[in-house]
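This report concerns only the one structure given below.
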Amino acid sequence: MWQFLVEVIIRTSDLALVAVALSSVYGLVRFPNVALVQYATAGAVATLLLTAIGIPLPVAIAAAALLTGGLAVVLNAFVFNRLLRRGSAMAMIGSLAVSMMFLSAFMLAIGTRQQRLDLPIEPPLDILGGMVTRIQLWTTGSSLLLLALFAMLLFWTDIGRQVRATSNNEMLARATGIDTDRVKLLVVFLSGVLAALGGIALGVRGEVGMQIGADLLLPVFAAAVLGGLGNPMGALAGAALIAVAETFVTNVNFGPLFGADLLFLPIGYVTAASFAILVLALLLRPHGLFVREANRV
């Protein structure tokens with residue numbers, strides 16, 4: 001049971017940063033930016049390339065996250081804002097096209113094969129009966145710390161109140177003197193940084209490849225929809241629920257149900273679990289399980 005909980009926490013940290021970034025941006029721009037999951041890949045790929053030329057890993061991670069945040073701002077200013085003038089559907093289709101362009105760029109940068117960062121391989125630690133590596137402890141702890149800092153920014157600072165006010169009613173927020181363009185710029189930048197750090201954490205723990213974003217797309221959107229699009233903390237709760245479902249599907253022995261000693265589902269069924277939860281959420285609670293935080297400004 002403890003091992004199950006450990007894996008749920010690790011998987012939640014895999015999804016939460018990107019899901020929170022997606023939901024935060026949606027709260028302001030009102031369209032599901034499919035390309036945002038590719039920011040996770042961009043962060044991991046940039047870290048790989050920077051370390052390959054001799055830059056220390058911590059510096060490479062910081063630089064990759066900031067560069068990805070800057071890229072998110074540029075794309076939002078010159079692509080998505082212009083497409084939004086023609087409607088949210090057009091912007092979403094444009095984000096799909098941008099996502100495909102990202103994949104082509106990643107293929108040129110690192111090829112189609114998975115690559116690993118130059119990190120030592122260490123045996124896992126036994127913590128209360130659960131097996132976890134030092135790298136998993138560091139990346140998961142860092143992700144949870146970043147989420148806590150983002151929540152503090154959102155709820156305990158003046159800029160956070162401005163973000164929530166803009167998300168709730170942009171015209172009213174502008175009438176009260178809030179610079180909504182500056183607020184959007186900040187949130188878009190932070191979304192790129194958070195998504196990049198989420199992808200970097202995956203790359204540090206495993207491998208860096210062009211499929212990081214594609215693998216995140218369905219579970220991240222499921223988490224954001226489940227938590228209520230536009231509700232960042234709801235997205236965090238949604239990520240935890242998706243992590244529980246995915247871990248359950250791949251870790252529970254279904255053998256006794258079918259008269260066998262052992263029967264575990266392949267890892268590919270993780271995607272099926274995310275898809276099933278997404279469909280159920282859209283059918284039963286299309287606005288998500290949680291009230292949007294912006295309604296309580």
Side-chain angles (χ1 to χ4, degrees), residues 11-47 61-62 64-77 79-80 91-92 95 98-99 102 139-140 142-155 159-160 163-164 166-167 183-203 212-240 242-243 288 290 292-294:
R11 183 56 176 166
T12 299
S13 72
D14 287 347
L15 304 176
L17 287 174
V18 187
V20 167
L22 174 66
S23 198
S24 299
V25 171
Y26 182 89
L28 294 177
V29 300
R30 293 296 190 272
F31 87 95
N33 188 351
V34 178
L36 190 140
V37 295
Q38 298 299 348
Y39 298 162
T41 315
V45 169
T47 301
I61 289 174
L66 293 175
L67 288 171
T68 306
L71 177 61
V73 170
V74 171
L75 287 174
N76 191 70
V79 179
F80 301 131
M92 187 181 71
S95 71
V98 171
S99 184
F102 267 115
T139 54
T140 302
S142 299
S143 296
L144 295 177
L145 177 60
L146 286 168
L147 290 168
L149 292 174
F150 183 77
M152 292 171 62
L153 173 70
L154 195 61
F155 295 106
I159 187 63
V163 169
R164 290 182 286 133
T166 302
S167 177
V183 169
K184 289 183 179 181
L185 183 69
L186 174 64
V187 172
V188 168
F189 175 77
L190 290 178
S191 72
V193 170
L194 289 176
L197 291 171
I200 291 168
L202 287 171
I212 288 178
D215 293 340
L216 285 173
L217 180 61
L218 189 57
V220 161
F221 265 83
V225 170
L226 197 59
L229 278 170
N231 179 359
M233 296 301 102
L236 173 58
I242 294 294
F290 308 96
R292 291 177 64 244
E293 294 298 329

Please walk me through it: do L190 and S24 pass side-chain contact (heavy atoms from CB on, under 4.5 Å)? CA-CA 9 Å; L190 290 178; S24 299; over 6 Å; no

Check against side-chain contact (heavy atoms from CB on, under 4.5 Å), F150 and V20: CA-CA 9 Å; F150 183 77; V20 167; 3.7 Å; yes

Going from OH on Y26 to OG on S191, what distance comes out if it is rounded to the nearest 0.5 angstrom? 15.5 Å

Has T41 got a side-chain atom pairing as donor or acceptor with G213's backbone, closer than 3.5 angstrom? yes

Which word best sums up how the rings of Y39 and F102 line up, parallel for under 30°, tilted for 30 to 60°, or perpendicular for over 60°? perpendicular

What is the distance from atom CG of N33 to atom CZ of F221, rounded to the nearest 0.5 Å? 7.5 Å

Report the distance from atom CG of L197 to atom OG1 of T139, rounding to the nearest 0.5 Å. 11.5 Å

Measuring from L71:CG to N76:CG, what's the distance to the nearest 0.5 Å? 11.0 Å

Which atom of A235 lies closest to which atom of A224, heavy atoms considered: CB-CA, 4.3 Å

Is there a donor-acceptor pair closer than 3.5 Å between any side-chain N or O of S167 and the backbone N or O of R164? no

Minimum heavy-atom distance I212-A44, with the two atoms named: CD1-CB, 3.8 Å

Residue pair R11 / P219: nearest heavy atoms and the distance that separates them: NH2-CG, 3.8 Å

Could you pull out the closest heavy-atom pair between V25 and L36, with the gap in Å? CG2-CD1, 4.1 Å

Where T140 and S13 come nearest, the two heavy atoms and their spacing: OG1-OG, 3.6 Å

Look up atom CG in L22 and atom CG in L216, then write down how far apart they are to the nearest 0.5 Å. 11.0 Å

Test item: S23 side-chain N/O and L229 main-chain N/O as donor-acceptor pair under 3.5 Å: no

Using only atom types and a distance under 3.5 Å, with no angle test, would you say the side chain of T47 pairs donor to acceptor with the backbone of G43? yes

Provide the closest heavy-atom pair for A65 versus A196 in the form atom of the first, atom of the second, distance. CA-CB, 4.0 Å

Begin from the C-alpha positions of F80 and V188 and carry the test side-chain contact (heavy atoms from CB on, under 4.5 Å) through to its verdict. CA-CA 11 Å; F80 301 131; V188 168; over 6 Å; no

How many angstroms lie between CG in L194 and CG in L147, if you round to the nearest 0.5 Å? 7.5 Å

